[in-house]
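Taking it in order: structure first as structure tokens, then the write-up.
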There are 2 protein chains.
Amino acid sequence: MNIGMPESDYPDIRGLHLFAEMSDEHFQTLMRGSYVQNFPPQIELITEGDPSDFLHVVLSGSVELFSSWNNRETSMATVRPISTFILAATIKEAPYLMSARTLEKSRIALIPSQDVRKVFDTDSGFARAIVTELAQCYRTVVKSQKDLKLRTSLERLANYILRCQRHAGGGDTFDLGYEKRRLASILGMTPENLSRAFKGLHPYGVQVKGRNVSIRSQKDLEQFAKPDRLIDDYSS
Amino acid sequence: MNIGMPESDYPDIRGLHLFAEMSDEHFQTLMRGSYVQNFPPQIELITEGDPSDFLHVVLSGSVELFSSWNNRETSMATVRPISTFILAATIKEAPYLMSARTLEKSRIALIPSQDVRKVFDTDSGFARAIVTELAQCYRTVVKSQKDLKLRTSLERLANYILRCQRHAGGGDTFDLGYEKRRLASILGMTPENLSRAFKGLHPYGVQVKGRNVSIRSQKDLEQFAKPDRLIDDYSS
DNA sequence: TTGGCTAATTGACATTAATCAATTTTGAAT
DNA sequence: ATTCAAAATTGATTAATGTCAATTAGCCAA
């Protein structure tokens with residue numbers, strides 16, 4: 001465990017939208033109280049219900065946000081470098097709504113929540129950035145909610161594949177992005193159902209081998225999936 | 001249609017968390033460009049995909065936020081006085097993700113989005129309030145997402161009833177809060193399924209007559225519903 | 001009060017998805 | 001390469017939910 005933030009990590013964090021516009025002085029203030037840790041895979045970083053003591057920044061690796069209730073568990077989102085999580089809880093000084101665990105070996109920066117709140121009040125650049133980030137988070141969840149409520153699991157998978165393709169550059173063959181059991185949870189279904197859903201997309205030209213997907217007929221798949229920018233465009 | 005904001009509406013709006021902490025000067029700036037309209041029931045106020053020209057404030061009545069895709073429609077949330085909607089789209093200068101329609105005769109204030117963004121940059125009290133409001137919105141959607149992904153429709157209904165009861169003061173008989181078809185959509189099910197779900201809760205002491213619900217056995221219902229503050233407590 | 005409209009309910013059925021159990025496949029460690 | 005454990009797939013079945021059609025109930029306006 002490393003205590004204190006190595007200066008070598010500063011540029012990565014400074015490069016985040018969230019920290020790009022603030023004054024050097026305030027940035028230094030935040031960094032002074034922060035530290036960085038390396039975690040192995042599958043480590044639970046935070047547990048839902050706990051008080052939000054730190055804003056977390058994923059510097060490398062990846063982190064899954066998940067929730068549990070009544071012995072069931074579901075994957076809510078994945079955080080990839082370089083971005084933050086638990087921002088809303090930090091701002092509201094409220095307990096975490098989701099737990100977080102590393103998916104792989106990850107490097108995480110921890111910034112004390114009270115420092116974040118303090119600097120927020122004095123640095124308008126930082127305040128602006130936080131609002132933008134929060135609005136983005138909110139809109140992402142709303143899109144996800146629409147996906148869940150308006151589409152069947154087959155349609156969700158089809159649209160996930162198209163988003164994945166776009167994210168990978170638009171080629172007709174690409175990586176699925178997740179282990180299948182995790183993807184199933186993200187899409188709100190069981191692994192068995194996902195396996196069958198892939199077969200259900202076969203008539204639309206979708207081929208899957210391990211984590212590799214290939215789309216034989218872009219047109220057929222899009223015609224079935226009916227992607228919608230107000231659900232599937234994660235950039236706005 | 002009334003053009004311009006009557007001064008008599010100022011106190012209601014000023015009383016909102018969102019506008020309570022800002023300077024008088026900035027508040028006046030916002031109000032000068034704003035206006036208030038009265039709408040009959042079932043009027044579509046905004047349509048998803050449209051540019052976000054105004055921040056909306058519900059002064060009286062109620063407004064439903066809903067979304068459509070592929071000829072399907074789902075209810076996303078209800079906005080009751082006195083609160084705002086479309087804040088995230090306003091901040092991000094992005095298109096609305098949801099449509100809005102009045103449920104009843106409603107009085108709505110419209111504040112130009114560009115004014116909101118401008119004042120945000122200069123008034124730190126306002127900035128703070130916007131962040132708090134957005135964080136609240138975000139957490140509300142996350143809770144709703146957990147409700148959807150972790151619970152069956154029967155469990156969602158049971159917990160809805162308990163939340164409703166709490167909101168109504170805790171008595172064992174209270175109003176359902178919505179027309180049943182709308183509640184079904186909010187809970188992510190069909191009206192037929194909702195009707196059967198009410199029957200499914202009968203063994204736990206739930207009686208429904210029209211919009212009136214009564215709980216015969218608080219303990220049984222809670223034991224079944226397993227309410228969780230990280231899903232069902234809308235105050236934090 | 002009485003139509004007449006919409007909402008709500010009910011039954012029958014179809015579809016979708018979850019569960020359980022049994023293999024098969026995969027991938028990481030040796 | 002070999003081995004082992006976890007992941008993925010498959011089949012059979014059950015459970016949950018949606019759809020369609022037909023009533024029934026409730027409400028508002030004339």
Side-chain angles (χ1 to χ4, degrees), chain A residues 40-42 64 69-75 101-105 147-161 175-204 206-213 224-225, chain B residues 40-42 64 69-75 101 103-105 147-161 175-203 206-213 224-225:
Chain A
Q42 303 299 330
E64 176 182 37
W69 177 79
N70 193 26
N71 250 356
R72 296 168 213 168
E73 181 183 308
T74 191
S75 188
R101 71 163 75 93
T102 53
L103 288 175
E104 50 192 310
K105 191 165 169 302
D147 191 47
L148 275 170
K149 289 186 80 175
L150 289 167
R151 290 171 171 164
T152 66
S153 61
L154 198 59
E155 290 164 343
R156 290 199 296 278
L157 176 59
N159 281 289
Y160 173 81
I161 288 173
D175 186 273
L176 202 51
Y178 296 101
E179 206 178 346
K180 284 180 185 157
R181 57 171 30 245
R182 194 172 317 285
L183 178 58
S185 183
I186 289 169
L187 295 176
M189 57 178 116
T190 60
E192 295 94 328
N193 193 16
L194 176 63
S195 187
R196 288 167 185 133
F198 275 120
K199 284 190 174 170
L201 291 181
H202 200 114
Y204 304 103
V206 175
Q207 302 268 327
V208 189
K209 173 85 82 170
R211 285 179 49 141
N212 191 271
V213 185
F224 171 74
Chain B
Q42 302 299 329
E64 176 182 37
W69 177 81
N70 194 25
N71 251 355
R72 296 167 213 168
E73 180 183 309
T74 191
S75 187
R101 71 164 75 93
L103 288 175
E104 50 192 309
K105 191 166 168 304
D147 191 46
L148 275 170
K149 289 186 81 175
L150 290 166
R151 290 170 171 164
T152 66
S153 60
L154 198 59
E155 289 163 343
R156 290 199 296 279
L157 175 60
N159 281 291
Y160 172 81
I161 288 173
D175 186 273
L176 201 51
Y178 296 102
E179 205 179 347
K180 283 179 186 159
R181 55 173 30 244
R182 196 172 316 286
L183 178 59
S185 183
I186 289 169
L187 295 176
M189 60 178 113
T190 58
E192 294 95 328
N193 193 16
L194 175 63
S195 187
R196 288 165 184 134
F198 275 120
K199 285 192 172 167
L201 291 181
H202 199 116
V206 175
Q207 302 268 325
V208 189
K209 172 86 80 170
R211 286 179 49 143
N212 192 271
V213 185
F224 171 75

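We name chains A, B, ... by the order of the sequence lines, and we start the count at 1 in each one.
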Pick from B:Arg182, B:Glu64, B:Arg181: which one makes a side-chain hydrogen bond (donor to acceptor under 3.5 Å, both in side chains) with B:Ser75?
B:Glu64

Regarding B:Gly200, tell me which of base, sugar-phosphate or nothing describes its non-hydrogen contacts under 4.0 Å with the strands shown.
nothing

Between D:dC27 (P) and B:Arg211 (CZ): distance, integer Å:
10 Å

First encountered from the 5' end of DNA chain C, between A:Asn193 and B:Lys180
B:Lys180

Name the first nucleotide and the last nucleotide along DNA chain C (5' to 3') that come under 4.0 Å of a heavy atom in chain B.
C:dA7 to C:dA12

If the cut-off is 4.0 Å, is B:Lys209 near the phosphate of D:dG26, judged by side-chain N/O to OP1 or OP2?
no

Just how far, in rounded Å, is P of D:dT9 from CE of A:Met189?
12 Å

Pick base, sugar-phosphate or nothing for A:Glu192, based on heavy-atom distances below 4.0 Å to the nucleic acid.
base

Whichever of A:Gly210 and B:Gly210 has the more 5' nearest nucleotide on DNA chain C, that residue is B:Gly210

Does B:Leu187 form a side-chain contact (heavy atoms from CB on, under 4.5 Å) with B:Leu157? I'd like the steps, not just the answer.
CA-CA 7 Å; B:Leu187 295 176; B:Leu157 175 60; 3.8 Å; yes

Applying side-chain contact (heavy atoms from CB on, under 4.5 Å), run through A:Thr74 and A:Trp69 and close with a yes or a no.
CA-CA 9 Å; A:Thr74 191; A:Trp69 177 79; over 6 Å; no

In whole angstrom, what separates A:His202's NE2 from D:dT9's C1'?
16 Å

Atom-to-atom span, CG of B:Leu154 to P of D:dT17 - whole angstrom:
8 Å

Among D:dT17, D:dT19, D:dT10, which nucleotide has an atom closest to any side-chain atom of B:Thr190?
D:dT19

Nearest-Å distance, NZ (B:Lys149) to P (D:dT17)?
16 Å

Applying side-chain contact (heavy atoms from CB on, under 4.5 Å), run through A:Phe224 and A:Leu201 and close with a yes or a no.
CA-CA 9 Å; A:Phe224 171 74; A:Leu201 291 181; 3.7 Å; yes

Note, B:Arg211 side chain near B:Tyr178 side chain (heavy atom, < 4.5 Å)
no

CG of A:Leu150 to CZ of A:Arg156: how many Å apart, nearest 0.5 Å?
10.5 Å

Between B:Leu157 (CG) and D:dT17 (P), how many Å, whole number?
11 Å

Quick one: does A:Arg196 reach the base of D:dG11 with a side-chain donor-acceptor pair under 3.5 Å?
yes

Is there a side-chain contact between B:Tyr160 and B:Val213 in this structure, where contact means two heavy atoms from C-beta onward sitting under 4.5 Å apart?
no

Expressed as a whole number of angstroms, how long is the span from A:Asn212:CG to D:dA8:P?
15 Å

